[in-house]
S.K.: 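Supplied in structure tokens, the structure appears directly below.
As the structure is a prediction and not an experimental result, all values here were calculated from the model. Naming: A, B, ... by sequence-line order, numbering from 1 per chain.
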Amino acid sequence: MSAPDLPLPVEPEAVPAPRPGRLRALYQRATRSGALLVGLAMVSVMILCAIFAPLIAPHDPYAQSILHKLQGPGPVYWLGTDQFGRDVLSRIIYGARISLFVGFVSTALAVVIGVAIGIVSGYFGGRVDRLISGANDGLMSFPQIIMGIVIVALLGPSIHNLILAITITAIPAFVRIARGSTIAMKERDFVDACRALGFGNGRIMFRHILPNIADEITVLASLWMATAIRTEATLSFIGLGAPPPIATWGGLVRDGFDNLLDSPGLSIFPSIAILIVMIGLNLVGDGLRDATDPRAPT
Amino acid sequence: MLLDVAALTKTFHGQEGFPPRRTSLRALDGVSFQVGHGEALGIVGESGCGKSTAARATLRLVEPDGGSVNYDGQDVLAAGPKALRTLRRHMQMVFQDPASALDPRQRVGDALAEPLRVHRIAKGADLVRRVKAVLDEVGLPAAAAERYPHEFSGGQRQRIGIARALVLEPGLVIADEPVSALDVSVQAQILKLLARLKADRRLAFVFVSHDLGVVRYFCERTAVMYLGRIIESGPTSTLFDTPKHPYTVLLRSASPVPDPAAEVARSIPEGEPPSPMNPPPGCHFHPRCPLASDVCRAEVPPLRASDAGRVLACHNVE
């Protein structure tokens with residue numbers, strides 16, 4: 001090498017002092033908007049009600065009492081009773097168990113299945129991707145409710161089939177977002193670096209790409225959980241939900257419908273429960289989006 | 001020869017418009033080069049000439065259509081998935097943009113340890129020791145292992161990228177514009193670091209760059225690429241001191257010289273490079289070439305030996 005020796009004009013910089021940890025930074029961002037906290041509080045209350053239902057519920061949700069049927073809200077039955085004299089508040093509290101469980105499990109299943117398919121599709125591209133995307137677009141073009149109705153109608157109403165139906169309707173959304181995010185990640189050099197280091201495709205997809213797209217998926221999952229609970233309520237309302245006498249929110253709204261003019265509370269109170277969870281989950285989703293948005297000011 | 005690349009070709013296909021028309025881009029058109037143990041080969045050329053594709057095709061990060069790549073006597077293109085993963089221990093890559101080359105969700109220490117674990121080279125205390133050693137080698141303190149990439153400056157990130165390339169103790173590093181994204185002052189530090197590693201470890205380099213000054217500092221030999229072909233190559237100093245191919249002359253004159261007495265870049269007419277989607281026939285350079293003659297418009301000039309280890313593809317220059 002005959003080239004002149006280059007000068008070294010500056011000393012190498014020092015490694016930066018540790019900054020607040022990732023979780024702490026995330027916490028600071030999340031609490032700035034407030035939406036996340038309010039949403040989490042609303043959802044947490046509902047989840048606690050569901051978990052501790054036997055302790056909280058003032059009455060047995062299945063105990064019928066023909067003498068006390070169709071009572072309005074009062075000191076004994078806070079939210080009144082239905083046409084069989086069952087306590088509405090207790091049924092709503094127990095209903096939270098089924099509704100939240102169905103919403104959570106079906107969303108979780110849809111996330112696991114949809115994200116796995118989406119990452120594979122985006123990562124490998126080509127023919128695999130075209131096949132998966134085509135099938136996915138096909139699934140997406142069916143309205144969710146129609147899809148749910150068809151599946152439950154074919155398989156019969158039960159909690160398992162309800163979960164299956166909601167899961168299948170939710171999968172395409174996760175396939176799509178995971179695929180898109182994966183394609184964006186694949187453009188980054190670190191994916192090529194992983195390949196150059198001799199890492200296998202599975203390791204690259206699930207140890208390196210997945211953690212980097214987890215933010216977007218979490219946001220979508222919280223929003224879809226609200227949708228799943230709504231779908232459960234809708235299917236129960238049209239009679240394709242969990243069979244009676246199991247209390248679910250959608251089922252309660254439907255049961256109350258027969259006596260809507262005499263006791264409007266029968267339908268209104270479980271609707272409010274659905275509303276609270278939906279608003280809560282949407283606030284959580286929006287809050288998470290704000291908290292994880294890299295363009296948001298710190 | 002450590003690395004022997006011969007007649008590499010790669011065409012990218014695409015679709016355009018509706019009804020879709022097939023488009024194709026010949027990124028590599030018979031590219032050959034050799035690198036010896038401990039030697040640095042520079043590949044220079046303007047944007048879109050295929051120099052990055054050549055680098056990536058050598059590692060099979062881009063799958064070439066044809067040609068051959070031999071590393072230390074082993075056929076890289078014929079290697080199956082398992083053999084390829086073993087081969088990749090020996091050939092590593094340093095990327096242009098260190099921000100994009102590191103996994104943002106992985107601590108530096110984990111990023112350096114993972115390759116050693118995957119290849120079952122080290123574990124436990126030995127693993128920790130090796131990670132510390134390689135961090136020290138690139139001039140970072142051991143504490144860096146606990147941090148995430150976004151906590152570092154651009155130059156430090158590039159050091160991390162280099163450490164990751166070195167941790168498997170390769171014989172060859174392919175560096176794709178390793179200093180182009182850095183400040184000039186940091187460029188000098190990173191170049192010094194690479195030069196030291198090259199000497200200490202007897203590392204061979206394929207060094208892709210558009211910056212002739214950088215290549216001149218770092219590389220013993222240089223190849224000049226134009227629209228997917230190598231048009232001239234030879235020892236770096238003679239190549240730049242007495243460029244022969246008209247395109248090398250153009251490159252040389254367009255590169256600033258830190259000397260006020262030096263002649264200011266002479267502009268050569270028709271300065272736009274032609275589209276690689278639709279390259280001109282014959283010598284790709286003829287539309288911009290001051291020496292172009294009829295034969296240049298019709299025939300591709302073959303690469304032939306010139307004097308003192310130099311190779312040249314031009315009809316009109318000896």
Side-chain angles (χ1 to χ4, degrees), chain A residues 1-26 124-126 130 181-182 184-218 292 294 298, chain B residues 40 56 59-61 81 84-89 91-93 95-106 111 114-115 118-119 139-141 143-144 146-148 151-153 155-156 159 161 164-165 167-168 174 176 184-189 191-192 195 213 216-220 236-237:
Chain A
M1 269 191 302
S2 61
D5 213 22
L6 285 179
L8 188 62
V10 237
E11 288 298 305
E13 329 108 276
V15 168
R19 295 202 305 191
R22 202 185 151 71
L23 274 178
R24 207 184 146 73
L26 199 66
F124 288 105
R130 252 171 289 152
S181 307
T182 301
M185 272 301 142
K186 232 175 67 174
E187 294 300 309
R188 305 254 207 122
D189 285 334
F190 76 81
V191 174
D192 271 343
C194 288
R195 292 173 58 208
L197 289 164
F199 297 173
N201 290 327
R203 175 177 287 270
I204 297 174
M205 286 188 282
F206 295 105
R207 298 286 269 290
H208 291 278
I209 292 178
L210 180 60
N212 282 291
I213 65 173
D215 285 352
E216 289 122 280
I217 292 167
T218 314
T292 55
T298 31
Chain B
R56 283 169 193 251
L59 289 180
R60 280 179 73 184
L61 293 177
L84 183 63
R85 287 174 66 172
T86 321
L87 260 174
R88 280 184 163 157
R89 272 185 60 180
M91 306 160 74
Q92 281 302 312
M93 180 140 185
F95 295 87
Q96 172 172 11
D97 178 6
S100 141
L102 300 166
D103 181 347
R105 290 288 165 93
Q106 196 175 30
E114 192 177 4
V118 167
H119 289 277
L140 289 171
E146 299 301 316
R147 307 281 160 70
Y148 286 94
E151 298 177 53
F152 294 89
S153 70
Q156 288 171 329
R159 286 173 195 270
R164 183 182 56 188
V167 77
L168 291 175
I174 294 190
D176 186 3
V184 177
S185 60
V186 181
Q187 280 191 6
Q189 294 171 23
L191 279 174
K192 283 218 140 190
R216 191 167 190 151
Y217 168 75
F218 194 75
C219 302
E220 286 94 354
T236 306
S237 50

S.K.: Asn212(A) and Pro104(B): which non-hydrogen atoms are nearest, and at how many Å?
M.R.: OD1-CG, 3.2 Å
S.K.: Report the distance from atom CG of Asp103(B) to atom CZ of Arg207(A), rounding to the nearest 0.5 Å.
M.R.: 11.0 Å
S.K.: Can you say whether Leu61(B) sits under 4.5 Å from chain A via the side chain, the backbone, both, or neither, judging by heavy atoms?
M.R.: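 Its backbone and side chain both get close to chain A.
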S.K.: Are the side chains of Arg195(A) and Arg88(B) in touch, meaning some heavy atoms are under 4.5 Å apart?
M.R.: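 Yes, at least one pair of side-chain atoms sits under 4.5 Å.
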S.K.: Using side-chain contact (heavy atoms from CB on, under 4.5 Å) as the criterion, point out the one residue from Ile209(A), Asp215(A), Leu210(A) that pairs with Arg105(B).
M.R.: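 By the side-chain contact (heavy atoms from CB on, under 4.5 Å) criterion, Arg105(B) pairs with just one of Ile209(A), Asp215(A), Leu210(A): Asp215(A).
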S.K.: Looking at chain A, which one of Leu168(B), Leu102(B), Thr86(B) has the largest number of heavy-atom pairs inside 4.5 Å, strictly under?
M.R.: Leu102(B)
S.K.: Go through Met91(B), His119(B), Gln96(B) and name the one with the most non-hydrogen pairs under 4.5 angstrom from chain A.
M.R.: His119(B)
S.K.: Run the side-chain hydrogen bond (donor to acceptor under 3.5 Å, both in side chains) test against Thr236(B) and tell me which residues pass, sequence neighbours left out.
M.R.: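 Thr236(B): side-chain hydrogen bond (donor to acceptor under 3.5 Å, both in side chains) contacts with Thr222(B).
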S.K.: Give, as side chain, backbone, both or neither, the part of Arg164(B) having an atom under 4.5 angstrom from any heavy atom of chain A.
M.R.: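 For Arg164(B), heavy atoms of backbone and side chain both lie under 4.5 Å from chain A.
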S.K.: Would you sort out whether Met93(B) and Asp192(A) count as a side chain to side chain contact (heavy atoms under 4.5 Å, CB included), showing the intermediate values?
M.R.: CA-CA 9 Å; Met93(B) 180 140 185; Asp192(A) 271 343; over 6 Å; no
S.K.: Identify the heavy atoms of Ala193(A) and Ala101(B) that sit nearest to each other, and give their distance.
M.R.: CB-O, 4.1 Å
S.K.: Hey, are Glu114(B) and Arg203(A) close enough for a salt bridge, meaning a charged N less than 4.0 Å from a carboxylate O?
M.R.: yes
